[in-house]
Protein chains: 2
Amino acid sequence: MNYPVFAVTVDLVVLTVREGELKVLLVRRGLEPYLDRWALPGGFVHADEDLAAAARRELAEETGLAGPGGHLEQLASYGKPERDPRGRVVTVAHLALLPDLPTPTAGTDAAAAAWRPVDQQDLAFDHHRILADGIERARSKLEYTPLATAFCPPEFTIAALRQVYEAVWGEPLDPRNFHRKVTTTPGFVEATGRSTEGGPGRPAALFRRGAATLLNPPILRRGTR
Amino acid sequence: MNYPVFAVTVDLVVLTVREGELKVLLVRRGLEPYLDRWALPGGFVHADEDLAAAARRELAEETGLAGPGGHLEQLASYGKPERDPRGRVVTVAHLALLPDLPTPTAGTDAAAAAWRPVDQQDLAFDHHRILADGIERARSKLEYTPLATAFCPPEFTIAALRQVYEAVWGEPLDPRNFHRKVTTTPGFVEATGRSTEGGPGRPAALFRRGAATLLNPPILRRGTR
DNA sequence: CCAATAGTGTCTTTCAGACAGTATGGT
DNA sequence: ACCATACTGTCTGAAAGACACTATTGG
């Protein structure tokens, strides 16, 4: 049997919420092509490695840890013949959602990695399109899954969860209605019994993620109604 | 730069509704490995071909036409090292939804192709998993997109559209509430002015698909509530 | 007339959106 | 006391589920 040969890479759309904004992890390329341009982190799939394993490995190399919380899923594959000038490369993009880690980009691999706003232009390769697809996937998944908790540390307040929604969707939500919705949806979050302390205002109860994998009914964005 | 080489294929989960049931297009393998087992149609991506183009080509080869109506989208990629005993093969699975064509499987390529029930066991490779993922994608997309119309001919009755939902979800829907829902959702369907004739009962108005790409609010399955 | 299927109207329940009001901390 | 933030309660309107009823065809 005769067939063309390909290289296969994984690229990562790694998102987090910092300073009330949705951010994406980018690396500055140190090689041609697209020298010095921002790009999604990624790399070649090894000879005896599953796609998901390659994505986990790259994530660990770039971020230091995919430790507590967080979420990693396959996004889509991109394989236009001209997408990489070096040859025929198919990339299997993955989407990672991480809490805002104390050690953000102390990766071993990438020389210059940084959290950047998600409205990036002029990324290397077709990474602009991959990024756009990843953001849309994240926005959409917040509607019907409890995945927003992946952006939060193991224990979080309802207000922190709401700020995740507001950052990802870019629109304000009513704190009271949001609180009611989240706490009455079975399995979305469960109370830990603990509370915050020290800040201004009444202390907030702390929650951890619940067991539900699907929100019913969903929380719909304004934009899609 | 040194990296492992892969073969890249596209595999197709082609679904239609026949005789009130959801069916998948399968081919009987004429080669090792998995000789004589049912498998999803598919093939190698050509040297200068986009992934989507390869999927369209394979669909045309297997079904004869992807003509009026229908829908084709990327599903997911599968690349476990051991998934093909011949070597390292990554497959980019696609999902196709087609109306029940008069000429179902007069393909040129596959010797023995057939519409089979979707509860197949013992497919070749990891095709059982791919099929399961494709069916779940289809079930889920009927909830929040007007994609059910892809299973229908260019003009169809509300009852025919309802039977698509019932076949894909495997549960009965109330004809009256379904009618109200579909006809009052802007952009889901638009009336043609024509009607059916000849059958028993009152003639039904004929509709074509509307311009909407997203249903708001969605039509939710019983199972997920 | 009757059977069969298409389509409309009505009632009830659920839930989102808007927003008043209460609770509990820090300064 | 006052401010800030957390949380609860109430009202209203939109829409789903259940289902009675009317409409239009063929036998």
Side-chain angles (χ1 to χ4, degrees), chain A residues 20 142-144 146 148 152 155-166 169 171-207 212 214-225, chain B residues 20 142-144 146 148 152 155-166 169 171-207 212 214-225:
Chain A
L142 290 209
E143 290 189 311
Y144 58 92
C152 296
E155 297 200 352
F156 52 86
T157 65
I158 301 295
L161 188 64
R162 174 171 48 82
Q163 284 153 17
V164 166
Y165 274 88
E166 292 176 334
W169 286 351
E171 67 185 41
L173 298 176
D174 184 292
R176 291 127 352 150
N177 291 335
F178 183 82
H179 189 283
R180 176 186 56 189
K181 174 68 184 172
V182 168
T183 53
T184 62
T185 300
F188 194 171
V189 298
E190 47 188 52
T192 65
R194 276 187 289 282
S195 299
T196 57
E197 51 188 38
R202 173 176 170 177
L206 286 167
F207 295 81
L214 226 52
L215 298 185
N216 264 288
I219 309 180
L220 293 180
R221 286 174 277 184
R222 255 254 160 47
T224 62
R225 297 215 70 128
Chain B
L142 289 208
E143 289 190 311
Y144 58 93
C152 296
E155 298 201 350
F156 51 88
T157 65
I158 301 294
L161 187 64
R162 175 170 48 82
Q163 284 152 18
V164 166
Y165 274 89
E166 292 176 335
W169 287 350
E171 66 185 42
L173 299 176
D174 184 293
R176 286 109 19 131
N177 291 337
F178 183 84
H179 188 282
R180 177 187 54 186
K181 173 69 182 170
V182 168
T183 51
T184 62
T185 299
F188 195 171
V189 298
E190 46 188 54
T192 64
R194 275 186 291 281
S195 299
T196 56
E197 50 189 40
R202 173 176 170 177
L206 285 167
F207 295 81
L214 225 53
L215 299 184
N216 263 286
I219 309 179
L220 294 180
R221 286 174 275 183
R222 255 255 161 47
T224 63
R225 296 216 69 130

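Proteins get letters first, then strands, A, B, ... in listed order; numbering begins at 1 in each.
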How close or far is atom C1' of dG17(C) from atom OH of Y165(A), stated in whole angstroms? 17 Å

Partner of P175(B) by side-chain contact (heavy atoms from CB on, under 4.5 Å), out of R162(B), E166(B), Q163(B): R162(B)

For the CZ atom of R221(A) and the CG atom of L173(A), what is their distance to the nearest 0.5 Å? 12.0 Å

Taking CZ from F207(B) and P from dA6(C), how many angstroms apart are they, rounded to a whole number? 12 Å

Can you tell me the distance, in whole Å, between the CD atom of Q163(B) and the C1' atom of dA6(C)? 13 Å

Do K181(A) and F188(A) have side-chain heavy atoms sitting under 4.5 Å apart? no

note: N216(A), atom CG; dG17(D), atom P; distance rounded to Å ~ 11 Å

Using whole Å, what does the distance between atom P of nucleotide dA16(C) and atom CZ of R221(A) come to? 17 Å

For V189(B) against F207(B), the heavy-atom pair lying closest together: CG2-CD2, 3.7 Å

Looking only at non-hydrogen atoms, find the nearest pair between L215(B) and L142(B) and report the distance. CD1-O, 4.3 Å

Rounded to whole angstroms, how far apart are CG on L220(A) and P on dT14(C)? 19 Å

d(L206(A) CG, T192(A) OG1) to nearest 0.5 Å is 5.0 Å

Distance, nearest 0.5 Å, that separates NE2 of H179(A) from CG of L161(A): 10.5 Å

For the residue pair S195(B) and A205(B), what are the closest heavy atoms and their distance? OG-CA, 4.1 Å

Under 4.0 Å, heavy atom to any atom of DNA chain C: which of residues 173-183 of chain A qualify? D174(A), R176(A), N177(A), R180(A), K181(A)

For nucleotides 24-27 of chain D, list the nitrogen or oxygen atoms of the protein found under 3.5 Å from its nitrogen or oxygen atoms, one pair per line.
unit_1: dT24(D); atom_1: O2; unit_2: R202(B); atom_2: N; d: 3.4

